[in-house]
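Remember, predicted model here, so these are calculated numbers, not experimental data.
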Amino acid sequence: MIKSEIENEELMKASKKIAVLDDEPDILELLMINLKKNGYSTYGFENGNDFIKFLKDNKPDLVILDLMLPDIDGIEICKYMKKKKEYSKIPIIMLTAKTDEMDKVLGLELGADDYITKPFSMREFLARVKAVIRRGEPLGESDIILLGSQCKIDLQKYEVFVKDEKINLTTTEFKILQLLTSRKGWVFTREQILNHIDVSNKGVLDRTVDVHIKNLRDKLGKAGKFIRNIRGIGYKIEESN
């Protein structure tokens with residue numbers, strides 16, 4: 001059984017394509033070597049224009065995006081991808097040497113799934129990659145969850161509909177919604193939510209969960225009102241008026 005699980009994980013990795021953008025050749029090469037050693041197919045880019053051209057004929061399963069690029073700002077690339085329907089669901093992990101909180105918050109608000117601040121350990125980097133890719137894997141459940149009278153959540157297909165219109169959520173946003181709706185009325189702490197989306201580093205922004213919740217509420221429209229903030233604790237789903 002253990003051998004089978006390992007083989008399945010290796011097959012999953014081999015089928016995943018990861019695009020890496022970093023203008024520092026040494027860092028780019030190091031990241032690609034380690035990703036390849038761990039079984040992923042990788043594509044490297046030192047500038048944004050080459051990556052945009054690559055996107056026209058390719059759809060990676062994950063993008064590692066340095067915010068400081070020589071031609072196109074990483075934030076602009078993130079914004080471009082999230083506005084395009086064909087790319088909007090591709091997970092993005094931001095790489096940044098900046099310590100300014102607003103850069104990270106802006107990236108998360110635009111739809112990035114995670115961020116890593118340079119310098120970082122290779123173990124942390126690979127753990128984050130694995131965690132974000134896992135978020136996009138099917139949950140293996142067949143449940144349909146209703147939120148109010150207009151919102152339907154399909155856990156098997158990883159889809160959300162509001163008034164029969166499909167809503168594009170990032171994998172992180174979907175994971176948070178799945179957690180909150182798993183026990184309606186139950187209050188989940190920010191720490192529990194971070195653990196569920198596999199973000200457990202000590203330096204994580206306190207606002208990370210709040211940013212994802214805000215994006216989730218906005219996308220759900222009127223159904224977003226069911227996500228309630230419990231001051232000083234966390235969030236819950238409550239459908240009563």
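Under the 3.5 Å distance criterion, the side-chain polar atoms of Asp50 are left unmatched by any main-chain donor or acceptor of Phe45. Judged by distance alone, with hydrogens and angles left aside, the side-chain atoms of His212 form no donor-acceptor pair with the main-chain N or O of Ile176 at under 3.5 Å.
With rounding to the nearest 0.5 Å, the separation of NZ in Lys37 from CG in Asn34 is 6.0 Å.
Phe161 carries Lys152 over the face of its six-membered ring, with the cationic atom under 6.0 Å from the centre and within 45° of the normal.
For the side-chain contact (heavy atoms from CB on, under 4.5 Å) criterion with Val160, the lone passing option out of Leu177, Asn168, Leu216 is Leu177.
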Trace of the ring pair (Phe, Tyr, Trp, His ring centres under 6.0 Å) decision for Tyr235 with Phe188: CA-CA 5 Å; Tyr235 293 91; Phe188 291 91; over 10 Å; no
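In the model, Asp66 has no side-chain atom that pairs as donor or acceptor with a side-chain atom of Thr96 under 3.5 Å.
A salt bridge links Lys166 with Glu159: the closest approach of a Lys/Arg side-chain nitrogen to an acidic carboxylate oxygen falls below 4.0 angstrom. A salt bridge does not link Lys163 to Glu165: none of the charged nitrogens lies less than 4.0 Å from a carboxylate oxygen. Between Lys184 and Glu238 there is no salt bridge, since no side-chain nitrogen of the basic residue lies less than 4.0 Å from a carboxylate oxygen of the acidic one. The existence of a salt bridge linking Lys118 and Asp22 is confirmed by a sub-4.0 Å separation between a basic side-chain nitrogen and an acidic carboxylate oxygen. One finds a salt bridge joining Asp114 and Arg128 here, because a Lys/Arg side-chain nitrogen approaches an Asp/Glu carboxylate oxygen to under 4.0 Å.
In this structure, the side chains of Val63 and Phe51 come closer than 4.5 Å at one or more pairs of heavy atoms.
The nearest pair of heavy atoms linking Thr172 to Ile197 is CG2-CD1, 3.8 Å.
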